[in-house]
2 protein chains.
Amino acid sequence: MDEIVLNKLKEIFGDRLFLELSDRVSYGYDASFGQYEPEAVVQVKSTEEVQQVVLLASNYTIPIYPRGAGTSLSGGPLPVHGGIVLDFSQWTDKLEIYPEDLVIKVSPGVKTKDIHELAEAHNLMYAPDPSSARICTIGGNLAENAGGPRGVKYGVTKDYVVGLEVVTASGKIIKTGSSTVKNVTGYDMTKLLVGSEGTLGIITEATLRLIPKPEATLTALAVFDDLYTAGQSISKILTSGVRPSKMEILDNNSINKVEDYANLNLPRDAAAIILIEVDGHPDILTQELNTIKNSLIEIGVTNIQVAESKEEEEKLWKIRQLVSPAIVSSGYTKISEDATVPLSKIPDMFKKIDEIKVKYDLNIVVFGHAGDGNLHPTINTNMRDPEEVRRVENAVEEIFNYAIELGGTLSGEHGIGTMKKAFLENEVGQDGLQFQKAIKKALDPKNILNPGKIFPEKGEKRLVLKHD
Amino acid sequence: MDEIVLNKLKEIFGDRLFLELSDRVSYGYDASFGQYEPEAVVQVKSTEEVQQVVLLASNYTIPIYPRGAGTSLSGGPLPVHGGIVLDFSQWTDKLEIYPEDLVIKVSPGVKTKDIHELAEAHNLMYAPDPSSARICTIGGNLAENAGGPRGVKYGVTKDYVVGLEVVTASGKIIKTGSSTVKNVTGYDMTKLLVGSEGTLGIITEATLRLIPKPEATLTALAVFDDLYTAGQSISKILTSGVRPSKMEILDNNSINKVEDYANLNLPRDAAAIILIEVDGHPDILTQELNTIKNSLIEIGVTNIQVAESKEEEEKLWKIRQLVSPAIVSSGYTKISEDATVPLSKIPDMFKKIDEIKVKYDLNIVVFGHAGDGNLHPTINTNMRDPEEVRRVENAVEEIFNYAIELGGTLSGEHGIGTMKKAFLENEVGQDGLQFQKAIKKALDPKNILNPGKIFPEKGEKRLVLKHD
């Protein structure tokens, strides 16, 4: 990196500039895979600092990579072309609630859980609840448009962002949206920027909307002997007239991983379990679960258990929370997929994954946000075994293609990042890809903002987990 | 218009091409104001027809103006630069529901009410409910991102669009999104195109998501002696823990207009009334309204009346439905504004409008979607009186500027169109405007898609209702 740039960075950031290899490698990975090496890391703490880095990057054509807590499952923050990593995780000073306006204003480094807690202290709710909420930052959630279990009723991050402050690729500071939920002044830059993975502008502040916190929740565990029936039950529940606030599925493999890991006395023989939460006025939750129960009995559920206390409810949700740790604990690399299909196609997707499992002789665990059709087929693989890695690559490609064939999508909530860029064209078509690229080119002509993400680079035509 | 173009249009559209002046003038206005004259009108009925018109327009640089039912309140479909109007209102063939997927697929000319009815027949709900639902088309709703009373709980059009088919400015047919609610594959073209007022692409099909239809509704009418208290009650209700499904306000002037028009025995002396609907399980609606009632008593409501039957509920909502007809019936031109402010600022906005009313000696009626902070200050004016028109222009500018000053927005749901383009920069700033313009230029370099909308043209610095 140019000496002038380095000196300028030193001047701006002092001891918040990291150049040592040992520091830089810590910023070279995320929760997907791959290890890269940025040339410099800066811990940004103000909009002006971001602006100064962007201006430098623009003048010297240096790639810049915004990063929150690095929990991305799609490679969002990976510094694939070196350059400068902007670590936002230390920028936490703004966390201001305006309860009468039902909004909250936050700095990008604020943890999602801190937003939840502040809102709840005012009897309000910030609905998006990514599973990594205790660790991840809102900036990362905004970049990737993070989802979570509550998505089935309440939607995802984008649905709760009403305004942004953004530094553009040319170093201008712009504001999008306002402090109102409704806003149709020109193009919806807020919703374009949220989920654009830091490739169109860098978010430096967000105004999030809150909703009244539901008074109570009630959870049930439904056990199925047959995976196809479990899949069918999703549409059945969602057309029963009741709107569940969460609906999560675990297949037999997930159940057993969790049971191995935590000994919760789970039904090891079940083909699948579905965790269902309803929320709202306490007087009707039991009735609502009964409506759901009747739908499920009609369709052939094996057993339903309703939590009879808060402790029991927490115990049930623990099952879901432990899926990822349980998979990780097996030691191998965890490849988390994110295929999402129309609700009626969930049974087909389960069937296909079963076939793929056998065909490629792989250990595939399936769980996810059933109520959104958003499954997380997750593969444990030994990255040191090139032949196995090749089978994983083929399996993942088949899952992607089948999701698209069913009218679904490559990614429901993890984003494209580095992981799925080779497949974007399969979903949106060549003209659709050009349409998106035209926007990138117009807003970041020098391609300095998080380059190497979303759009495939030359020759990237398939998933490559490992270069041998 | 070039003879070659005309011949080509004749060839494609036959008797669905209109060239007579008497026909063309019918396509020159909408529900805002201003009268323009397109050179040709075509009634499109397929994606391929749209594509052919776009290719002609692109080759010969002719402005094209998509139009639904012409109910826009911001000038969205006005053919301000002549060219070709594409009438979508006759293209109604696709209206297909997939109840198990909770989606519905529609052609752009389908009436919003037909979508409501089909969804409800399956015990589902398409939530957006613009007041013109019985007349307007979904295509127009998509172009303008239409709102409606249910917005306070359920959001606006954009929140219910999961996929689009679009003809781009270069005549390519692209698909955005999918049949799944969650989709993060690259940039969110669906949410960029919805609300872009036909300036970035022409929507030829949409996949809309449905939600379970709430089992029941219950409505109350709250009467206030003081407008400021009425304004304050909005935040109070929304932070009471209950989520109303509608919350509409009428000021004294609106109440009296409706009473003059329809004799409903309304409280003519009230400073304001608020109509509040809660929805969900029938067993708790009365309790929820009681929670709201207690909040309102605390704040100083004059009186609350709860509808005791479906008939009474319908009678209450009739009050709101009759506001616009009542204003229109006075004979003068109706200028509908759409300023939206943070919830806590509603009382300030009411105060300001009161001052403006006196300052400019105008007849301003205020009503709107109180729960979103989305007010519709509406002015009756005699467009033949240039001096009065000038006062209206000044008053509207003051309302716009004050909404922005309060952290709000020019437009909550009507769009920018021709009406507010001179003020867009006041809200988004010069850099924000350039950011949006860069997208327009990238996606429609010849500026053929609905030109003269959203972005101010040279010299357009203020509201001009009438050129004398």
Side-chain angles (χ1 to χ4, degrees), chain A residues 99-102 123 145 147 151 156 168 172 174-175 178-189 191-192 195-196 211-212 215 235 238-239 241 243 281 283-284 340-344 372-374 407-413 415-416 424 427-429 431-432 435-436 438-439 442-443 454, chain B residues 99-102 123 145 147 151 156 168 172 174-175 178-189 191-192 195-196 212 215 235 238-239 241-243 281 283-284 340-344 372-374 407-413 415-416 424 427-429 431-432 435-436 438-439 442-443 454:
Chain A
E100 291 199 332
D101 292 333
L102 280 85
N123 210 21
N145 190 23
V156 294
T168 71
K172 301 274 193 276
I174 64 169
K175 305 228 179 206
S178 58
S179 289
T180 63
V181 173
K182 284 160 93 176
N183 185 313
V184 289
T185 46
Y187 302 145
D188 194 336
M189 298 295 90
K191 289 195 161 50
L192 177 66
S196 68
I211 56 175
E215 280 183 72
S235 282
L238 287 170
T239 51
R243 279 191 91 179
H281 198 288
D283 291 3
I284 50 138
T340 303
V341 296
L343 298 175
S344 68
D372 299 313
N374 186 187
T409 174
L410 282 176
S411 180
E413 59 180 17
I416 297 298
L424 185 57
E427 181 169 335
V428 303
D431 293 330
F435 197 77
Q436 294 198 18
I439 293 175
L443 299 181
I454 300 179
Chain B
E100 290 199 334
D101 293 331
L102 280 87
N123 210 21
N145 189 22
V156 294
T168 71
K172 302 274 195 275
I174 63 170
K175 304 231 178 206
S178 58
S179 288
T180 63
V181 172
K182 285 160 92 176
N183 184 313
V184 290
T185 45
Y187 303 145
D188 194 337
M189 296 296 89
K191 287 194 163 50
L192 177 65
S196 68
E215 281 184 70
S235 283
L238 287 170
T239 52
V242 173
R243 280 192 91 180
H281 199 287
D283 291 3
I284 51 139
T340 303
V341 297
L343 297 175
S344 69
D372 298 312
N374 186 189
T409 173
L410 283 175
S411 180
E413 60 179 16
I416 297 297
L424 185 58
E427 181 168 334
V428 301
D431 294 331
F435 197 76
Q436 295 199 17
I439 294 175
L443 299 182
I454 300 181

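In the text below, chain A, chain B and the rest are named by the order of the sequence lines, each starting its count at 1.
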A:L424 versus chain B, the contacting section by heavy-atom distance below 4.5 Å: side chain
Can you tell which of A:G429, A:S411, A:G432, A:S196 has the highest number of heavy-atom pairs within less than 4.5 Å of chain B? A:S411
Heavy-atom pairs under 4.5 Å with chain A: which of B:G151, B:S179, B:A442 has the most? B:S179
Against chain B, work out which of A:K175, A:E215, A:M189, A:H281 has the most heavy-atom pairs shorter than 4.5 Å and name it. A:H281
Which one, B:G373, B:G241, B:G186, B:A438, leads in non-hydrogen pairs under 4.5 Å with chain A? B:G186
Shortest non-hydrogen separation from A:G407 to B:S178 and the atoms involved: O-CB, 3.6 Å
Quick one: do B:L102 and A:T239 satisfy side chain to side chain contact (heavy atoms under 4.5 Å, CB included)? Show the steps, please. CA-CA 8 Å; B:L102 280 87; A:T239 51; 4.0 Å; yes
When every non-hydrogen atom of B:K182 is compared with those of A:T340, the smallest separation belongs to O-CG2, 3.9 Å
For residues A:K191 and B:D188, report the shortest heavy-atom separation together with the two atoms involved. O-CB, 4.0 Å
Could you look at A:Q436 and say if it's the side chain, the backbone, both or neither that has a heavy atom under 4.5 Å from chain B? both
Picking from B:P212, B:G415, B:G195, which has the most non-hydrogen pairs under 4.5 angstrom with chain A? B:P212
Just give me the residue among A:D101, A:I174, A:N123, A:L238 that pairs up with chain B most often, heavy atom to heavy atom, under 4.5 Å. A:D101
If you count heavy-atom pairs within less than 4.5 Å of chain B, which of A:L192, A:I454, A:I439 leads? A:I439
So which heavy atom on A:V184 is nearest to which on B:E413, and how close? CG2-N, 3.5 Å
Measure the spacing between CG of B:N183 and CG of A:N374 and express it to the nearest 0.5 Å. 10.0 Å
So which heavy atom on B:P342 is nearest to which on A:T180, and how close? N-CG2, 3.5 Å
Can you tell me which of A:I211, A:V181, A:T168 forms the most heavy-atom pairs within a distance under 4.5 Å of chain B? A:I211
Side chain, backbone, both or neither of B:V156 within contact of chain A (heavy atoms, under 4.5 Å): side chain
Grab the two heavy atoms, one from A:E100 and one from B:S235, that are nearest each other, plus how far apart they are. O-OG, 2.6 Å
Segment of B:I416 engaging chain A (4.5 angstrom heavy-atom cut-off): both
Less than 4.5 Å to any heavy atom of chain B: does that hold for the side chain of A:P99, its backbone, both, or neither? backbone
Need one label for A:N145: side chain, backbone, both or neither, based on atoms under 4.5 Å from any heavy atom in chain B. both
